[in-house]
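The chains referred to below are lettered A, B, ... by the order of the sequence lines, with proteins before strands, and numbering in each begins at 1. Every value quoted in this text rests on a predicted model; they were computed, and no experiment measured them.
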2 protein chains.
Amino acid sequence: MTGLDDMTHSADSSQRGRRPGDPNETREAILAAARELFTTLGFDKASIRKIAARAQVDPALIPYHCGTKQQLFVAAMRAPINPVDVVAGIADGDLDGLGRRLIEAFLAVWDSPAGNGLALTLQAVLTQEGMTTAIREFATSEIIPIITGKLDGPEPERRLRANLVLSQILGLAVTRYIVKIEPLASASAHEVADRVAPNLQRYLTGPMDKS
Amino acid sequence: MTGLDDMTHSADSSQRGRRPGDPNETREAILAAARELFTTLGFDKASIRKIAARAQVDPALIPYHCGTKQQLFVAAMRAPINPVDVVAGIADGDLDGLGRRLIEAFLAVWDSPAGNGLALTLQAVLTQEGMTTAIREFATSEIIPIITGKLDGPEPERRLRANLVLSQILGLAVTRYIVKIEPLASASAHEVADRVAPNLQRYLTGPMDKS
């Protein structure tokens with residue numbers, strides 16, 4: 001019976017010696033392995049080494065084909081835009097304007113043609129068992145620190161502030177781009193930014209005691 | 001061939017004459033039909049009459065078994081709590097305290113044992129094709145008007161304000177209860193209410209021009 005099982009898997013086994021010079025196939029194998037391990041192990045524990053072993057490629061090939069672990073995660077989630085790049089792109093500058101820069105960058109990306117793909121990615125990560133762990137760990141280690149690094153105060157307070165900003169941003173993604181409730185879905189980016197920026201700014205730099 | 005088809009469906013046909021006095025079976029048939037039609041037609045177009053026809057019951061039985069169309073929708077979505085009841089329960093009172101009452105009621109319900117079921121319902125409606133239409137129409141016709149009815153100003157402005165409140169509330173549901181990002185997921189309800197209430201209140205009654 002074991003022999004039969006081995007024969008059944010012979011098609012897979014023939015791919016173990018992946019042909020060099022077939023970069024698309026290698027990249028797809030890496031992304032499939034990454035998707036599987038990020039879902040089952042989370043972002044933190046799915047190491048490049050484990051993903052390489054699962055994809056049956058040399059770990060040294062992963063940076064070449066898929067970049068950093070962060071970039072590999074974004075590609076594995078089929079996200080058309082890397083949210084880390086978006087947040088990092090507007091983090092520098094005056095702290096008083098950070099709320100407005102965040103909402104304007106968010107709206108620019110989601111109102112662009114990439115928005116549909118981002119909505120599909122968000123729907124997938126919010127629903128698939130295991131994905132919520134991966135996205136929590138990814139946000140915690142890759143996105144939140146970009147924001148907290150700009151804020152004042154003790155670490156837990158800065159993290160809570162950044163979490164609250166994320167809650168409003170994700171809530172807008174859900175209501176404006178997934179549920180598409182009106183008039184929010186059709187409001188201009190300018191109008192939405194004017195409404196939301198002060199609330200983000202209050203989370204970032206407003207008083208932490210009861211107000 | 002038609003005769004064969006008819007015979008194939010004879011098991012279904014035998015249920016057309018649903019036995020009186022089998023309320024669980026009737027209720028389940030109504031809920032299954034409602035789930036199907038709400039998903040394919042949306043909340044507005046899935047009439048009680050169509051749902052009754054699909055479930056092969058007398059339309060007059062639906063209020064008896066499942067209440068109003070709004071209550072039928074909530075039951076069909078398997079939501080353990082009716083969000084309309086929650087919002088209606090805190091809508092009355094001073095307008096200046098509406099933001100705080102909203103966030104406190106939201107947290108009380110989601111922090112309760114019903115929270116897990118609400119998270120499952122939200123995950124389902126955000127992902128299933130057709131469900132986003134149904135939840136948009138349900139929110140637009142059943143929830144948003146409770147809020148806008150308390151606000152001042154022209155109708156489109158009041159709707160946008162209520163939409164923005166919904167965006168923050170749903171964003172909290174996603175980050176605190178589905179993704180469970182820390183420290184927001186473990187923060188006390190009191191702390192979260194203190195942070196979020198002023199932002200909800202600003203959406204409800206703050207200046208609409210650029211601030």
Problem set entry | Axial cation check for Phe43(B) ring with Lys69(B), 6.0 Å and 45° limits | yes
Exercise. Which residue out of Ile135(A), Leu164(A), Val125(A), Val192(A) racks up the most heavy-atom pairs below 4.5 Å with chain B?
Worked result: Leu164(A)
For this session: Walk me through it: do Arg158(A) and Asp152(A) pass the test salt bridge (charged side-chain N to carboxylate O under 4.0 Å, His left out)?
Result: CA-CA 7 Å; Arg158(A) 288 185 283 136; Asp152(A) 300 320; over 6 Å; no
For this session: Taking heavy atoms only and a threshold strictly under 4.5 Å, list by residue number the residues of residues 103-124 of chain A that touch chain B; give 'none' if the list is empty.
Result: Gln123(A)
Seminar exercise, completed: Heaviest contributor of heavy-atom pairs below 4.5 Å to chain A, chosen from Ile181(B), Thr175(B), Leu200(B), is Ile181(B)
Problem set entry | Check: Thr205(B)/Gln201(B) side-chain N/O donor and acceptor closer than 3.5 Å | yes
For this session: Establish, from distance only, whether the side-chain atoms of Asn82(A) and Gln70(A) form a donor-acceptor pair under 3.5 Å.
Result: yes
Exercise. Out of curiosity, Asp44(B) CG to Glu137(B) CD, how far, rounded to the nearest 0.5 Å?
Worked result: 4.0 Å
Exercise. In terms of heavy-atom proximity below 4.5 Å to chain B, should Ile169(A) be classed as side chain, backbone, both, or neither?
Worked result: neither
Exercise. When you check the side-chain N and O atoms of Thr148(A) and Glu155(A), is any donor under 3.5 Å from an acceptor?
Worked result: no
For this session: Measure Glu191(B) against the heavy atoms of chain A and call it side chain, backbone, both or neither at under 4.5 Å.
Result: side chain
Seminar exercise, completed: Ranked by heavy-atom pairs below 4.5 Å to chain A, first place among Val196(B), Leu170(B), Val179(B), Thr132(B) goes to Val179(B)
Problem set entry | Segment of Pro183(B) engaging chain A (4.5 angstrom heavy-atom cut-off) | both
Problem set entry | Salt bridge present between Lys150(A) and Asp92(A) (N-O < 4.0 angstrom) | yes
Exercise. Is the count of non-hydrogen atoms from other residues, nucleotides or ligands lying under 6.0 Å from Lys50(B) atom NZ greater than 12?
Worked result: yes
Exercise. Is it the case that Gln128(A) and Thr39(A) place a side-chain donor and acceptor less than 3.5 Å from each other?
Worked result: no
